[in-house]
**Q** 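The structure follows.
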Amino acid sequence: MGQLIDFRKFSSQNAVRMCVCCRQRFMQSELFRLQINNAGIKLFDGNGRSFYLCEKCINSSKIIISLTKLKNAPKDKNIIKEQIEEIRIKWQKLD
């Protein structure tokens with residue numbers, strides 16, 4: 001298991017970003033910053049492309065459909081559910 005990196009250190013205080021699920025805009029520091037690496041969804045580690053999810057969407061069921069549309073994302077809904085749950089647990093550890 002890799003080291004847990006606080007992805008919030010990669011955010012700017014004044015930047016506005018869009019949630020890929022609900023398409024609403026939020027301050028970057030309020031969003032989950034994730035990435036797809038090796039067909040898996042995980043917290044952003046500072047390398048490569050990333051996307052954002054708001055706190056409301058990461059707890060909703062429509063997130064699965066939105067994430068399956070992303071390039072290189074796993075297409076199996078059960079895998080996405082497991083990975084999102086792992087991200088929620090990691091997020092709680094960062095707080």
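Bear in mind that the values here come from a model prediction, so they are computed numbers and not experimental data.
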**Q** Between Ile41 and Phe51, is a side-chain contact (heavy atoms from CB on, under 4.5 Å) present by the stated rule, with each step listed?
**A** CA-CA 10 Å; Ile41 300 169; Phe51 61 95; 4.2 Å; yes
**Q** Less than 4.5 Å apart, any side-chain heavy atom of Pro74 and any of Gln83?
**A** yes
**Q** Please lay out, stage by stage, how Cys54 and Cys21 fare under the test side-chain contact (heavy atoms from CB on, under 4.5 Å).
**A** CA-CA 8 Å; Cys54 68; Cys21 188; over 6 Å; no
**Q** List, by chain and then residue number, the residues other than Met27 in its hydrophobic cluster (Ile/Leu/Val/Met/Phe/Trp/Tyr, side-chain heavy atoms under 4.5 Å); write none if there are no others.
**A** Val16
**Q** Please tabulate, for the side chains in residues 60-73, all donor-acceptor contacts under 3.5 angstrom to protein atoms that are two or more places apart in sequence or on a different chain.
**A**
unit_1 : atom_1 : unit_2 : atom_2 : d
Ser60  : OG     : Cys57  : O      : 2.9
Thr68  : OG1    : Ile64  : O      : 3.4
Thr68  : OG1    : Ile65  : O      : 2.8

**Q** Assess the residue pair Arg17 and Phe26 against the criterion (side-chain contact (heavy atoms from CB on, under 4.5 Å)); give the C-alpha distance rounded to whole Å, side-chain angles, the decisive distance to 0.1 Å, and a yes or no.
**A** CA-CA 6 Å; Arg17 299 292 184 257; Phe26 299 93; over 6 Å; no
**Q** Can you name the side chain to side chain donor-acceptor pair (under 3.5 Å) partners of Ser50, sequence neighbours left out?
**A** Arg33
**Q** When rounded to the nearest 0.5 angstrom, what distance separates CZ in Phe32 from CD1 in Ile58?
**A** 4.5 Å
**Q** Is there side-chain contact between Lys42 and Gln35, with heavy atoms separated by less than 4.5 Å?
**A** yes
**Q** Give me the atom names and distance for the closest heavy-atom approach of Asp45 to Asn47.
**A** OD1-N, 3.1 Å
**Q** Got a sec, which hydrophobics cluster with Ile79, joining ILVMFWY side chains under 4.5 Å apart, including via others?
**A** none
**Q** Walk me through it: do Tyr52 and Met18 pass the test side-chain contact (heavy atoms from CB on, under 4.5 Å)?
**A** CA-CA 7 Å; Tyr52 296 89; Met18 183 173 67; over 6 Å; no
**Q** Any salt bridge (charged side-chain N to carboxylate O under 4.0 Å, His left out) pairs touching residues 74-88, not counting sequence neighbours?
**A** Glu85-Arg88
